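Keep in mind it's a predicted model, so treat the numbers as computed, not measured. By convention here, the first residue in the shown sequence is residue 1.
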Amino acid sequence: MRKFCKYLLVSPAICGVMLFLNSATFAGEISNTSEINQPQVLANPDTRATNIAPDQTMAQVTSVSQFSDVQPTDWAFQALQSLVERYGCIAGYPNSTYRGNRALTRYEFAAGLNACLDRVNELIATATGDLVNKQDLATLQKLQEDFSAELATLRGRVDTVEARSAELEANQFSTTTKLNGEVVIAIADVISGNTVNGQKVNQNTVLADRVRLNLDTSFTGKDLLRTRLQATNLDPFSQTATFTPEGDFRFAGGNNGNGVVIDALLYQFPLGSKTDIILEANAGAIDDFTNTVNPYLDGDGGSGALSHFGTRNPIYYLVNGTGIGVKHQFSDQLELSFGYLSNDAANPQLGSGLFNGAYGAMGQLTVKPSKQITLGLTYINAYKNTFFANGSGGSNNANDNILQNASSNSYGIEASFQPSSKFLIGGWAGLTKARVLSVGDADIWNYAVTLAFPDLGKTGNIAGIIVGMEPKVTSVSNSLSNAGINKDPDTSYHIEGFYQYKLSDNISITPGVIWLTGPDHNNDNDDIVIGTVRTTFTF
């Protein structure tokens, strides 16, 4: 830059014009032609100096001393001082720096020069011509002519950006709402297994779908109003093929003939800097406000594990419906969440409503002693709420005979350990102590070990393995046994494996199998193997 000034034989003031171009005088500096069409707003102006938003420039300075990085010993100090005192044509960054050593493009040079020319013309028009000598004016005129093409190009591109912005504003979907969606299309079948609980297993290939559209609205930039529309055509296999709640697909949302319904409706907003409040109006779930401590595998059916059981600890499914959730983060290492959700809040009949019907209430402490380890300690109190009704599986005995008529207390511990970015091991254990009203007590256990392999074979891919025992009645009181309700006779194991392959940013294909040994915790039943190929489209 110094050699360029000498070449033009300009005065220190005009040389200062060139130095001025290293600052953020004009709004939205542009470093190349592609950035002209796609302006960026950066939260930290120190990270990239080639794109500075209008609100990141400082006001007109009155003295060079206002710049913390400009010293009287700098070779361009007099030129900068002249620009400030004679022309009032210089500005800097919000943190009071000038950054005179930063490189600039020809477009930046042209735009900054034009800003100073406007200032000079203003001084002349207001009869202050004595501030500008003829030598400076001649040099400025020559520079303006030399850069006339760049100035014209810049004006044209700015006009184009303004026109495109106006068109987007006039035709945008909403100023507050974003639309995103997910489509799941799956081929599924019971590959092996003949009878369960005396009923013939249906081995017949099906093609199923589930479509979700989320309307995510924010009024303040920190809150979220989510309205989810859903259409699906697949009933759980437990109702149509396998006749046990074990092994049901996560993406099987219940057959509504692909009619569109409001599947979820919630509003989330912050209360202070560390607390979030979540109001669940419809189909609320515990993962809306609680860390389920099963990274990579906990998904909505379109991603992660194939089954409800493989997604999270089954006791979590005892909390669902309408109500409120609260999440408070004491620090990055400690989080407390609690909530209350009712199953039939909109029904005014006796034994229903927000507080008199089936419900689930929970509290969880999530601890992260290190970046690799996460632990969850969970307590849930539920009334007339079942695993099966909400998709988590378990035996028919645990759901229909006990929890459907009981008040229960559940205790869970969840853990995950990720020693590297390519491997994670996790798992959980859950105990549900149920009291069948006026009859007796029962214990229901479940547990699992999970393995996840992120980015296996390609960035974005996920392989997962889940091995565990779905909810099983392990003991009953004598009074319950006398009433004809007994513990489950045997132990069924849930073994699941899948590989989610990412075809593109918007399409993934997930083949997988679920193997149930002694389904419904009864070795008299045939082992069942369920296979599927799940294709997920996101947009």
I need the [X] [atom1] to [Y] [atom2] distance, nearest 0.5 Å.
{"X": "Asn214", "Y": "Arg212", "atom1": "CG", "atom2": "CZ", "answer": "7.5 Å"}
{"X": "Lys327", "Y": "Thr275", "atom1": "NZ", "atom2": "OG1", "answer": "10.5 Å"}
{"X": "Asn258", "Y": "Asn233", "atom1": "CG", "atom2": "CG", "answer": "4.5 Å"}
{"X": "Phe251", "Y": "Ser303", "atom1": "CZ", "atom2": "OG", "answer": "12.5 Å"}
{"X": "Ile507", "Y": "Lys502", "atom1": "CD1", "atom2": "NZ", "answer": "11.5 Å"}

Would you say [Y] and [X] are linked by a side-chain donor-acceptor pair, where the criterion is simply a distance under 3.5 Å?
{"X": "Glu470", "Y": "Asn446", "value": "no"}
{"X": "Ser477", "Y": "Ser479", "value": "yes"}
{"X": "Asn381", "Y": "Asn409", "value": "yes"}
{"X": "Asp223", "Y": "Ser218", "value": "yes"}
{"X": "Asp520", "Y": "Asn197", "value": "yes"}
{"X": "Thr491", "Y": "Lys472", "value": "yes"}
{"X": "Asp527", "Y": "Thr517", "value": "no"}
{"X": "Asn204", "Y": "Asp189", "value": "no"}
{"X": "Asn343", "Y": "Asn320", "value": "yes"}
{"X": "Asp298", "Y": "Thr311", "value": "no"}

Return yes if some donor-acceptor pair links the side-chain N/O of Gln364 with the main-chain N/O of Thr378 below 3.5 Å, else return no.
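Looks like no, no N/O pair under 3.5 Å.
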With a 3.5 Å distance limit and no angle check, can you tell me whether Asn482 reaches the backbone of Asn478 through a side-chain donor-acceptor pair?
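It does hold such a pair.
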Counting C-beta onward and ignoring hydrogens, is there a side-chain heavy-atom pair between [X] and [Y] closer than 4.5 Å?
{"X": "Glu335", "Y": "Phe330", "answer": "no"}
{"X": "Leu375", "Y": "Phe417", "answer": "no"}
{"X": "Gln418", "Y": "Lys371", "answer": "no"}
{"X": "Ile514", "Y": "Phe498", "answer": "no"}
{"X": "Asn180", "Y": "Thr538", "answer": "no"}
{"X": "Leu403", "Y": "Ile444", "answer": "yes"}
{"X": "Phe249", "Y": "Thr532", "answer": "yes"}
{"X": "Tyr316", "Y": "Glu414", "answer": "yes"}

On a heavy-atom basis, which atom in [X] and which in [Y] lie closest, and how many Å separate them?
{"X": "Pro519", "Y": "Ser492", "result": "CA-OG, 3.9 Å"}
{"X": "Ile262", "Y": "Asn282", "result": "O-ND2, 2.9 Å"}
{"X": "Val473", "Y": "Ala442", "result": "CG1-CB, 4.5 Å"}
{"X": "Pro471", "Y": "Ala398", "result": "O-CB, 4.4 Å"}

Electrostatic pair Asp332-Lys368, nearest N-O below 4.0 angstrom
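No salt bridge links Asp332 with Lys368.
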Does Asp216 pair with Arg226 as a salt bridge, N-O distance under 4.0 Å?
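Yes.
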Salt bridge (charged side-chain N to carboxylate O under 4.0 Å, His left out) partners of Asp443, counting only residues at least two apart:
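By the salt bridge (charged side-chain N to carboxylate O under 4.0 Å, His left out) rule, Asp443 matches Lys433.
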With Glu182, which residues qualify under salt bridge (charged side-chain N to carboxylate O under 4.0 Å, His left out), at least two apart?
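For Glu182, the residues satisfying salt bridge (charged side-chain N to carboxylate O under 4.0 Å, His left out) (neighbours in sequence not counted) are Arg210.
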For [X] and [Y], take the angle between the two ring planes, folded into 0 to 90°, and tell me which bin it lands in: parallel under 30, tilted 30 to 60, perpendicular over 60.
{"X": "Tyr501", "Y": "Tyr499", "answer": "tilted"}
{"X": "Phe453", "Y": "Phe423", "answer": "tilted"}
{"X": "Trp428", "Y": "Phe309", "answer": "perpendicular"}

Sequence neighbours left out, what passes side chain to side chain donor-acceptor pair (under 3.5 Å) with Asn356? Give chain and number order.
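Result, side chain to side chain donor-acceptor pair (under 3.5 Å) vs Asn356: none returned.
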Decide if the gap between the ring center of Phe269 and the ring center of Tyr267 is smaller than 6.0 angstrom.
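Ring centroids of Phe269 and Tyr267 are less than 6.0 Å from each other.
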